[in-house]
Amino acid sequence: MSKILTTESGAPVADNQNSAQAGIGGPLLIQDQQLIEKLARFNRERIPERIVHARGSGAHGYFEVTDDVTPFTKAAFLNTVGKRTDVFLRFSTVAGNLGAADAVRDPRGFALKFYTEQGNYDLVGNNTPVFFIKDPIKFPDFIHSQKRDPFTGAGEADNVWDYWSYSPESLHQVTWLFGDRGIPASYRHMNGYGSHTYQWVAEDGSAYWVKYHFKTNQGIRCLDADQAAELAGQDPDSHQRDLHQAIERGIFPTWTVYVQLMPVAEAAEYRFNPFDLTKVWPHSDYPLQRVGRLVLNRNPENVFAEVEQAAFSPNNFVPGIGASPDKMLQGRLFAYADAHRYRLGVNHTQLSINAPKATEAHNYGRDGYAAVNTGGRAKNYEPNSYDGPRQTDAPLAAPTAVSGWTGTHVAPQHAKDDDFFQAGELYRLMSKGEQDRLIANLAGSIGSVTRDDVVERVLPFFHAADADYGRRLEAAVKAIRQADEV
């Protein structure tokens, strides 16, 4: 037997097809609760979309420990081989709006929430191990250059390359983005990376800097520019549809999880700054060590409630895991949580998708917009003599030594702290075909720039990375620009 349709206050609805009128054919009545309630709720169905990573998909699953890492971290969810922890993973594009197409040349967000017994641990990364910039004060300007121009209302190659021409540190990520992996064929067929450097602390107090790698077990599959343009036009929801249908069919995507570990004492003398987000740690220096596997096996029941309202913040740590001096990470420790307070309200952590599942949250936060957990009669201050929650006096991570004067400082220089050599190393790792496609992709984008000074400013970066890289790209750009002038 069907349930009775009610208003939000629980009163039965007599007619959900016809609005109340002042006589047949007359004006509508504001006293029609069902009409006013439905229209008012409809007007408020959308919340502000994310400024970046707006276009996203997600799924539930679990993380299983396969290898002993207890010598490196005391995190409880990693303390036993075979232990499983529930997770939620949100994939996304970065620059596109909520309704944008999936199959575009753009980094992909890879945000993972572990529902551990010590609280939620959020690991926020991308499908690339590096990023465009290394200081968060540059982030708003960088994103503005990639988004719609305030005058034309469209994305402009002039803006994109004008900004990059003043930011040589972007070259490594640009080489990733315009290479073969710049457009993944699906979310299932790409790797994920924590990207930033984090800290692990063992039970004995020994500390390590750590980088996370999620290697897809489906194999890497990517699209070229023509394939992506066709797919984006035919099915803008291609990545969302692929992930959803695969899980519905019981084809559960998996990733093998690895870490690179650097003893804390080695960071100061390393040949480049290990906290620089524009650089990778060579595997020859710090080999991958397997930790576990990630499995996605359940689709969200409601995309808005579970994907759109999912809130990730890299400052959600658990004992045994902490932050590093990575400047971009330091900025994101504030910015991510603050974005969610704006979008979802100060009580967004009480939403089902964001609330702890393997433990309970106990604190003195009260009230505010959309408060669900009001705390009842419990006191809202600490310390108190009413048996309220108390601090543990056990720090989550190890302390980091600091010294010197406050101020705006350039990062301390290491022997190989230039912006070009890793981009060159990446180029030289590519096959001839991969290099050809990279040059074609870059030339197509730079060739569309209308200002000569921007082109002249950015091309030397590629020469500095690798002589062949620069020579071939300059020739290809010149050919495109000359053809446009005919």
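- Using cut-offs of 30° and 60° on the angle between ring planes, the pair His172 and Trp176 is tilted.
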**Message:** Could you walk me through whether Asp102 and Gln240 satisfy the side chain to side chain donor-acceptor pair (under 3.5 Å) test, starting with their C-alpha distance in whole Å, then the side-chain angles of each, then the deciding distance to 0.1 Å, before giving a yes or no?
**Reply:** CA-CA 8 Å; Asp102 289 334; Gln240 161 68 23; over 6 Å; no
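- When ring centroids are compared, Phe91 and Phe110 come within the 6.0 Å threshold.
- With hydrogens and angles left out, the side-chain atoms of Glu203 and Thr70 include no donor and acceptor closer than 3.5 Å.
- Tyr193 places a side-chain heavy atom less than 4.5 Å from the side chain of Lys215.
- Both tests pass for Lys113 against the ring of Phe312: distance under 6.0 Å to the centre and angle within 45° of the axis.
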**Step-by-step side chain to side chain contact (heavy atoms under 4.5 Å, CB included) determination, Met190 to Arg181** = CA-CA 8 Å; Met190 69 180 196; Arg181 296 194 183 187; over 6 Å; no
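- Here the closest non-hydrogen pair linking Asp106 and Ala95 is OD2-N, 2.8 Å.
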**Request:** Start with the C-alpha gap between Arg472 and Asp436, add the side-chain angles, then the distance that decides, and say whether salt bridge (charged side-chain N to carboxylate O under 4.0 Å, His left out) holds.
**Result:** CA-CA 9 Å; Arg472 294 185 60 196; Asp436 292 345; 2.5 Å; yes
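- In this structure, Arg332 is positioned above the aromatic face of Phe131, its NZ or CZ under 6.0 Å from the six-membered ring centre and within 45° of the axis.
- With hydrogens and angles ignored, the 3.5 Å screen pairs no side-chain donor or acceptor of Asp86 with any backbone N or O of Tyr115.
- The residues Asp162 and Arg457 are annotated as salt-bridged, a charged nitrogen and a carboxylate oxygen being separated by less than 4.0 angstrom.
- Listed by chain and residue number, nothing satisfies the ring-ring contact (aromatic ring centres under 6.0 Å, His included) test with Phe317 (two or more places apart in sequence, or in another chain).
- Asp235 and Arg241 are joined by a salt bridge, as a carboxylate oxygen and a charged side-chain nitrogen come within less than 4.0 angstrom of each other.
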**Request:** Before giving the answer on salt bridge (charged side-chain N to carboxylate O under 4.0 Å, His left out), spell out for Asp419 and Lys134 the whole-Å C-alpha distance, their side-chain angles and the decisive distance to 0.1 Å.
**Result:** CA-CA 11 Å; Asp419 295 320; Lys134 60 183 75 174; 3.2 Å; yes
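- Between Arg293 and Tyr62, the closest side-chain pair of non-hydrogen atoms falls below 4.5 Å.
- Side-chain polar atoms of Gln218 and Thr216 form a donor-acceptor pair below 3.5 angstrom.
- The number of heavy atoms from other shown groups lying within 6.0 Å of CZ (Arg221) does not exceed 12.
- By the neighbour-count criterion of 12 heavy atoms within 6.0 Å, atom CZ of Arg366 is densely surrounded, having more than that number from other residues, nucleotides or ligands.
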**Request:** Would you check, one step at a time, whether the test salt bridge (charged side-chain N to carboxylate O under 4.0 Å, His left out) holds for Arg428 with Asp466?
**Result:** CA-CA 8 Å; Arg428 290 185 289 274; Asp466 182 271; 2.8 Å; yes
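- Counting heavy atoms from C-beta on, the side chains of Val210 and Phe72 never come closer than 4.5 Å.
- Counting heavy atoms from C-beta on, the side chains of Lys147 and Asn97 come closer than 4.5 Å.
- Looking at Ile47 and Leu344, their side chains come closer than 4.5 Å, going by heavy atoms from C-beta outward.
- Atom CD1 of Ile137 sits in a sparse spot, with 12 or fewer heavy atoms from other residues, nucleotides or ligands closer than 6.0 Å.
- Side chains of Tyr121 and Thr85: no donor on one and acceptor on the other come within 3.5 Å.
- For the side chain to side chain donor-acceptor pair (under 3.5 Å) condition, no pair includes a residue of residues 408-418, sequence neighbours left out.
- Ring pair Phe142/Phe132 is tilted by interplanar angle, where 30° to 60° counts as tilted.
- A donor-acceptor pair under 3.5 Å is absent between the side-chain atoms of Glu266 and the main chain of Pro263, judged by distance alone.
- Two residues are said to be in side-chain contact when any heavy atoms from C-beta on lie closer than 4.5 Å; Val280 and Val130 meet this criterion.
- Residues Arg290 and Thr66 share a closest heavy-atom pair of NE-OG1, 3.7 Å.
- Nearest heavy-atom pair across Gln391 and Asp393 is NE2-OD1, 2.8 Å.
- A salt bridge links Arg55 to Asp237: at least one charged side-chain nitrogen sits closer than 4.0 Å to a carboxylate oxygen.
- Looking at Pro325 and Gln330, their side chains never come closer than 4.5 Å, going by heavy atoms from C-beta outward.
- Counting heavy atoms of neighbouring residues, nucleotides and ligands inside a 6.0 Å radius, atom CD1 of Ile143 exceeds 12 of them.
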**Asked** Which is it for Leu261 and Tyr286 under the side chain to side chain contact (heavy atoms under 4.5 Å, CB included) test, yes or no, and what are the steps along the way?
**Response** CA-CA 6 Å; Leu261 294 166; Tyr286 298 100; over 6 Å; no
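- Taking 4.5 Å as the limit, every side-chain heavy atom of Asn191 sits out of range of all side-chain heavy atoms of Arg108.
- Between Ala157 and Val449, the shortest heavy-atom contact is O-CG2, 3.7 Å.
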**Prompt:** What's the verdict on salt bridge (charged side-chain N to carboxylate O under 4.0 Å, His left out) for Glu308 and Arg343, showing C-alpha distance, side-chain angles and the deciding distance?
**Reply:** CA-CA 10 Å; Glu308 189 62 16; Arg343 294 183 60 248; 3.0 Å; yes
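- Every pair passing ring pair (Phe, Tyr, Trp, His ring centres under 6.0 Å) that includes a residue from residues 319-355 is listed here, sequence neighbours excluded: His340-His348.
- Donor-acceptor pairing under 3.5 Å is lacking for the side chains of Thr197 and Asp326.
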